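Structure, as structure tokens:
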Amino acid sequence: MADNSIKIFTGNSHPELAKLVANRIGIDLAKAVVMKYSNQETSVTIGESVRDEDVFIIQSGCGEINDNLMELLIMINACKTASARRITAVIPCFPYARQDKKDKSRAPITAKLTANMLTVAGANHVITMDLHASQIQGFFNVPVDNLYCEPSMIKYISTQIPNWKNALIVSPDAGGAKRATSIADRLNLDFALIHKERKRANEVSRMVLVGDVRGKIAILVDDMADTCGTLGLAAKTLVENGAEKVYAIVAHGILSGKAIKVINESVIEKLVVTNTIPHEDKMAICPKLDVIDISPTLAEAIRRTHNGESVSYLFSHVPE
Amino acid sequence: MKDLVVFGGLSHPELLTAVCNRLGIPEGKTKLCKFSNNETSVEIQESVREQDVYIIQSGCGTVNDNLFQLLIMINACKVASAKRITAVLPHFPYSRQPDIPYQPSSGAPLPKLPPATPRGGLASGQVTPNTSTTEDVSKQLMKQLTKVSLQEKQVDQDGKPAYRQWIARSGTLVADLLTCAGVDHIITMEMHDPQFQGFFDCPVDNLVSLPLMIKYIRHEIPNYQDCVIVSPDAGGAKRATSIAEKLRMDFALVHKERRRSSSSSSKKRDLMLVGDVRGRDICIVDDIVDTSYTITRAARILRENGARKIYALVCHAILSGGAVRNIEDSCIDQLIVSNTIPQNDHLQNSTKIKVYDVAPIFSEAIRRTHFGESVSMLFDPQFEII
């Protein structure tokens, strides 16, 4: 058991999630004022003593990403100069995770830059969820806990989707096949894959379904839904090939630009996302949106990290 | 010129064009924008392998976005095998270290704070555009801090001494971020805090705008020998006296007094003028004008003490919030600023603002750094750059 206490801070990116996590652990959020000066510089004031405490800063990479990332870095640095014992950055949706390799000339590897910046600011530990590529853990020299939404997704499918035993799991692209097969194995369901065929450079790509969906419920599984172009096209392909209904379950629902319009007009029955990213305003205009609460997983991870217990339980179970 | 590439971020494209024209090279080709989810996207569209790369980005406007754009561009060039990467920051962001003024005896914060416009706050993600409200927002900041802790009392419920609030200082952090992104050299101008250079492990050139200010005074201000140089606060006295010495002009100082009197709830700060300005023209000299409270208050007290025409010479003109309107309504006759921060919008809304160009100094600094020559002449006011 640790002899110091947990202090949970939050920036302006997702305060509701932080409140849920703090309630679950049974403490109040630590006091801090994070805002902007008139010349747009970020200002952080820590409102309580953090000397020798175990500090957790919850900030998601969503909304105004650069502003939120700067708030996180300044808060970490403020706690470091205030002699905190250990600083853990809890980043439910890791920013710039998709720029993780040099896929064309002179492309920056911004995920590595973000990892360097977090370490330089003074983070000793990072907790994140469903990294776009789990190899990003290797960009850090400090320990990284990459938690999974998979147990929460499995619980949702088995409790909220009617007739789920007659469903099959579909991955909307080839890269997500591993993720989808692991869920299919746990639920003992069949699996299918959608493959984008590019014949020529300027030709619209065709979507090819690999597997049989006739007369079944299709559940699309992916890690991110940004503009939802892929999801909309995939759902159309599934229905054309005989699927009865199409659900989509996604870990990080970024839903930027025309995404809500695409979802509302598509054949998708329901789009289920987690609350790594705030969704209140989107739920008002999209009746097909449903949210899984992952704050129990984060709260358990924080509690176990503080007490020095194993976190492995969370990789296959949802805390009650 | 061989092996030299100059890129610019989105914060100040006119400065990039001016600098590249003076150097006689084409601007570096990049594609800078944002992805649909607000992440910054950087594409460098020419080869930088084994080149001497300069990236011009000012810390103004949407400061965090511009800072990240700069960091990602530096990282892209490093990953693409550039030989040396220099970041040129005409206005260095986060260079002012805020400090809540506190009563020395009790340690509790003073009732009045420097004006700030808080946007959002505890658990609020709303983004409101920066409207020109001139309400006293220092009260808002105090209200938020009082909500957040018990600062009036000396002890809290448990009998322990109350925690003293302090604002985080981001100076070292920004220096570390630039270094970890991969920058080898920094060129900046008139840093608010010159000791900042020591926060970096790489060489920092802190250029001065003094020669340009002196050139402006000599050429544009009529009868300048009879003017008085005034510093609007005690911290800028050194800067103002160095100009006054070089031009053999008189000097005065406006001083903010914080009296420890019993009536601590006075509305106005006590301003004192040290020096004689009756019947003289004035040049107020400062390094940054942000909300413009400092120079407009100084101008008012100078007018009350008999000053005639009042010019204000400032290097970095951030002019945020309602500052431009404040300047128009104030006793200042002309505000002369540099273009380290883009001024086109401010010029449209004001008749009193004039701009002097700093592109010559930066292009000379870049040229001399590239060829390995000395830049000392840029600090010498005798040397006039054409």
Side-chain angles (χ1 to χ4, degrees), chain A residues 10 12-16 18-19 29 31-49 61-67 69-71 73-75 77-78 81 95-96 98-99 102 104-110 112-113 116-117 119-121 226-227 254 256-257 259 278, chain B residues 35-40 42-45 47-48 60-65 67-68 71-73 75-77 79-80 93-94 96 98 115-125 127 130 137 141 144-145 148-149 163 165-170 172-173 176-177 179-181 290-291 318 320-321:
Chain A
T10 176
N12 287 328
S13 68
H14 201 355
E16 298 81 26
K19 275 203 204 81
L29 275 178
K31 305 183 195 76
V33 176
V34 181
M35 48 180 217
K36 278 194 171 195
Y37 285 116
S38 106
N39 68 343
Q40 312 276 320
E41 287 182 4
T42 303
S43 153
V44 165
T45 309
I46 307 281
E48 23 183 288
S49 171
C62 55
E64 288 291 331
I65 294 191
N66 294 334
D67 283 339
L69 191 46
M70 200 68 198
E71 280 176 15
L73 292 169
I74 296 182
M75 286 173 83
N77 196 250
T81 48
Y96 293 102
R98 280 175 281 180
Q99 295 167 50
K102 213 172 136 184
K104 36 182 193 189
S105 304
R106 298 173 289 275
I109 308 181
T110 318
K112 171 76 174 148
L113 175 63
N116 280 349
M117 293 201 288
T119 315
V120 145
D226 193 356
T227 49
I254 303 171
S256 64
Chain B
F35 287 112
S36 129
N37 67 340
N38 272 328
E39 285 181 2
T40 304
V42 164
E43 262 183 60
I44 312 273
Q45 287 170 330
S47 174
V48 295
C60 55
T62 46
V63 175
N64 293 335
D65 278 340
L67 183 58
F68 271 93
L71 291 170
I72 297 179
M73 283 172 85
N75 191 253
C77 293
V79 153
Y94 290 96
R96 285 182 281 171
T117 342
R119 183 155 81 71
L122 197 53
S124 110
V127 172
N130 216 344
V137 212
L141 179 55
Q144 285 200 353
L145 287 173
V148 152
S149 95
Y163 181 69
Q165 311 280 324
W166 53 275
I167 296 184
R169 287 124 187 257
S170 334
T172 327
L173 174 65
D176 285 341
L177 291 181
T179 314
C180 93
D290 187 3
T291 48
I318 304 175
S320 61

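Keep in mind that this is a model prediction, so the values were computed, not measured. Residue numbers start from 1 in every chain, and the chains themselves are labelled A, B, ... in the order their sequence lines are given, proteins ahead of strands.
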*What is the distance from atom CZ of B/Phe35 to atom CD1 of A/Ile65, rounded to the nearest 0.5 Å?*
10.0 Å
*Among the options B/Leu71, B/Ile318, B/Asp65, pick out the one with the most heavy-atom pairs lying under 4.5 Å from chain A.*
B/Asp65
*Measure B/Thr179 against the heavy atoms of chain A and call it side chain, backbone, both or neither at under 4.5 Å.*
neither
*Using atom types as modelled and distance alone, determine if a side-chain donor or acceptor of B/Asn38 lies under 3.5 Å from a backbone N or O of A/Gly63.*
yes
*About how many Å separate CE of A/Met75 and OG of B/Ser170, when rounded to the nearest 0.5 Å?*
12.5 Å
*To the nearest 0.5 Å, tell me how far A/Arg106 CZ sits from B/Ser47 OG.*
5.5 Å
*Given the options A/Thr81, A/Thr227, A/Thr119, A/Leu73, which has more heavy-atom pairs under 4.5 Å with chain B than any of the others?*
A/Leu73
*Between A/Gln40 and B/Thr62, is there a donor-acceptor pair closer than 3.5 Å when you use the side chain of the first and the backbone of the second?*
no
*Is it the side chain or the backbone of B/Leu67 that comes within 4.5 Å of chain A heavy atoms, both, or neither?*
side chain
*Which value, rounded to the nearest 0.5 Å, describes the distance between A/Ile254 atom CD1 and B/Ser36 atom OG?*
8.0 Å
*Examine whether an atom of B/Leu177 lies under 4.5 Å from a heavy atom of chain A, and if so say whether it belongs to the side chain, the backbone or both; otherwise answer neither.*
both
*Could you state the interatomic distance from CG (A/Leu69) to CD (B/Glu39), rounded to the nearest 0.5 Å?*
9.5 Å
*Compare every heavy atom of A/Tyr96 with every heavy atom of B/Thr40, then report the nearest pair and how far apart it is.*
N-OH, 3.0 Å
*In terms of side-chain heavy atoms, does A/Thr42 have a donor or acceptor partner in B/Tyr94 at a distance below 3.5 Å?*
yes
_Under 4.5 Å from any heavy atom of chain A - which part of B/Asp176_ = both
*Could you walk me through whether B/Val63 and A/Asn39 pass the side-chain contact (heavy atoms from CB on, under 4.5 Å) check?*
CA-CA 8 Å; B/Val63 175; A/Asn39 68 343; 5.6 Å; no
*By a 4.5 Å heavy-atom criterion (distance strictly below it), what part of A/Asn116 contacts chain B: side chain, backbone, both, or neither?*
both
_Electrostatic pair B/Glu43:A/Lys104 at N-O distance under 4.0 angstrom_ = yes
*Begin from the C-alpha positions of B/Asn75 and A/Thr110 and carry the test side-chain contact (heavy atoms from CB on, under 4.5 Å) through to its verdict.*
CA-CA 8 Å; B/Asn75 191 253; A/Thr110 318; 5.8 Å; no
*Under the criterion side-chain contact (heavy atoms from CB on, under 4.5 Å), which of A/Glu64, A/Lys36, A/Glu41 is the partner of B/Asn64?*
A/Lys36
